Amino acid sequence: MATIYYSLSAKENTCGLHEVLIRFTHGRLNQRAKTGIFVLPEYWSAKTQSVSVPRFRMMSPAQQEIVEQANEAHSKISALTSFVMQSFIEAGAGKVSLPPSWLRDVITPYSVGLSQDKDIWAHFESYVSKKGFSVRRKMAFNVLMRALKRYELYKRIFDRTFTLSLGMLTPEVLDDFEDFYRREHDICEEYPHIYALVQDSRIPHQRGHNTVVSKMILLRAFLNWAANNDLIQTNPFRKKEIKQAVYGSPIYITIAERNKLYHTNLSRHPRLAVQRDIFVFQCLIGCRVGDLITLKRSNVVKGAVEYIPRKTKEGHPVTVRVPLNNLAKEIINKYASPDNAVLLPFISEQKYNEAIKKCFLAAGLKRMVSVLNPVTREPEQKPLYQVASSHMARRTFIGNLYKQVKDPNLVGSLSGHTEGSKAFARYRDIDEEMKTDLVKLLE
């Protein structure tokens, strides 16, 4: 009977961690190997041969990190056990003789770990930390970095010498990574151990074209920085084209729908009412949600909201000033508090988006709209409340203003878009009313 035993190495590394060792036995077969998994000895149970995840009543940041490390090590050991057993079955389950290095070769992705050449990872982290990105932007780069690490582990299954570095990111390798990222929802089912080593918030689902494009654009920005800092000779994206993202017509609500939402009675759901008010306020100033959550009472200057959009903060920072109308002032005054510097009682972005959908449903905003399926890129019909989100507030601000003044530069000065912005062009939804006005010019 095949059996796996785990033990802890007596050797301690510079972080006070000990490596987990594995022993595999089956009849006369008895092989040992290092796993590349490290744990704190005080949370290792020799009796159960596993990590004991600590429990703290009130966790400090340091204790929270300990719990996360223990959970990660526990998941890795569990995944490794399944992987080794499956590999043993595929190798003949003891019916054929196995080489002395069999166990070590099987768990190479674990024992070797990620690339020891800190080249790419250290520079990646340096880039993200030095650029002063917003929290949301940093999260996007971290998602990309984890995907690159999983790509390295995936390639190492077929070539144990494969090591990802800045110098080897050729246009061909970039194409291969793009293909990997696009197919990752299938790959994770076949090689689950990769996802125990480099965990994400969730198992990859099928990704849409725009999601893949957005990550390749981030990677291009990083490699452009590397080239400008002489870390590589030239950006390989100079010889690789990134396909254009595909967007449908921007969906936004009319002023009448916005007012209907604002006047919907939500007295039985006071928490929803607060987030509804914040959404309506966002419709009136048009900022991105990342800027909205940082607004303070000090951002209100002489009857207008002033802020520097985070998205353009690093390039050409421009102060956006949006005069407040009576409804916007009414909402601000409703939540004014001398004890709180925050402009409005914002919750987390995810919960905010969930609340918006519920508010739309309560207000009866159910008209059918055409949206592009992110995966198939085919149009499909959905009720308005299902596609409502914080970004719809920004589109509502831009779309309704553009209907009135039809001047992209004037509207862009209020939305924070730069002159000639390609992103702004998506908001210029020429509706039937505008078409009628144009035709009348021919009379």
Side-chain angles (χ1 to χ4, degrees), residues 1-56 59 62-118 121 146 149-150 152-154 156-157 160-163 188 190-200 203:
M1 178 180 176
T3 309
I4 291 177
Y5 300 92
Y6 289 106
S7 60
L8 214 56
S9 168
K11 188 177 179 180
E12 182 177 284
N13 68 9
T14 54
C15 299
L17 302 171
H18 293 244
E19 188 170 13
V20 177
L21 307 176
I22 183 173
R23 181 157 64 97
F24 183 88
T25 65
H26 179 75
R28 294 184 179 182
L29 181 67
N30 189 335
Q31 295 188 7
R32 299 168 183 259
K34 296 178 179 180
T35 64
I37 302 170
F38 291 83
V39 300
L40 289 168
E42 55 264 42
Y43 301 119
W44 176 259
S45 171
K47 183 177 180 180
T48 62
Q49 300 177 43
S50 63
V51 181
S52 299
V53 180
R55 294 182 179 180
F56 302 105
M59 283 196 291
Q63 290 172 329
Q64 186 174 357
E65 186 175 348
I66 288 172
V67 171
E68 289 175 356
Q69 288 177 347
N71 276 317
E72 184 178 354
H74 182 80
S75 298
K76 286 181 179 180
I77 291 171
S78 177
L80 178 58
T81 300
S82 300
F83 182 63
V84 170
M85 284 298 190
Q86 182 61 35
S87 299
F88 181 63
I89 293 171
E90 293 174 358
K95 295 177 182 178
V96 295
S97 59
L98 297 175
S101 63
W102 173 79
L103 180 62
R104 190 166 59 252
D105 292 341
V106 163
I107 64 172
T108 293
Y110 289 85
S111 57
V112 175
L114 295 167
S115 118
Q116 297 303 306
D117 175 6
K118 300 283 173 112
W121 314 125
R146 288 195 296 272
K149 289 179 177 180
R150 292 194 297 270
E152 181 185 52
L153 292 174
Y154 172 69
R156 196 171 289 169
I157 293 171
R160 293 190 178 94
T161 64
F162 185 89
T163 299
C188 70
E190 192 170 357
Y191 304 102
H193 64 283
I194 294 175
Y195 300 87
L197 276 170
V198 184
Q199 295 180 339
D200 238 325
I203 294 296

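Fair warning: this is a prediction, and the values are worked out from it, not measured in the lab. As a basis for the values below, the full set of heavy atoms in this structure was taken, side chains included, without hydrogen atoms, waters or symmetry mates. All residue numbers in this chain count up from 1 along the given sequence.
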Checklist line | Close side-chain approach of Arg156 to Thr163, heavy-atom, < 4.5 Å | finding: yes
Checklist line | side chain to side chain contact (heavy atoms under 4.5 Å, CB included) involving Pro99 - partner list, sequence neighbours excluded | finding: Ser101, Trp102
Next item on the list: Quick one: list whatever passes side-chain hydrogen bond (donor to acceptor under 3.5 Å, both in side chains) with Glu90, sequence neighbours left out.
Entry: Gln86
Notebook entry, point to check: Taking only residues two or more places apart in sequence or in another chain, which ones pass side chain to side chain contact (heavy atoms under 4.5 Å, CB included) with Leu21?
Noted result: Ser7, Ser9, Lys34
Margin query: Among residues at least two apart in sequence or on other chains, which ones pass side-chain hydrogen bond (donor to acceptor under 3.5 Å, both in side chains) with His18?
Written below: Glu12
Notebook entry, point to check: Considering residues at least two apart in sequence or located in another chain, which fulfil the side chain to side chain contact (heavy atoms under 4.5 Å, CB included) criterion with Ser82?
Noted result: none
Notebook entry, point to check: For residues 44-54, which residue pairs qualify under side-chain hydrogen bond (donor to acceptor under 3.5 Å, both in side chains), counting only residues two or more places apart or in two chains?
Noted result: Ser45-Thr48, Thr48-Ser50
Notebook entry, point to check: Quick one: side-chain hydrogen bond (donor to acceptor under 3.5 Å, both in side chains) partners of Ser87, sequence neighbours excluded?
Noted result: none
Checklist line | side chain to side chain contact (heavy atoms under 4.5 Å, CB included) against Arg23, all qualifying residues, sequence neighbours excluded | finding: Tyr5, Thr25, Asn30, Arg32
Next item on the list: Could you pull out all residues at least two apart from Tyr154 that satisfy side-chain hydrogen bond (donor to acceptor under 3.5 Å, both in side chains)?
Entry: none
Next item on the list: With side-chain contact (heavy atoms from CB on, under 4.5 Å) as the test, would you mind laying out the steps for Leu98 and Phe24 before giving the verdict?
Entry: CA-CA 12 Å; Leu98 297 175; Phe24 183 88; 5.7 Å; no
Notebook entry, point to check: Is there a side-chain contact between Leu80 and Val84, using heavy atoms and a 4.5 Å cut-off?
Noted result: yes
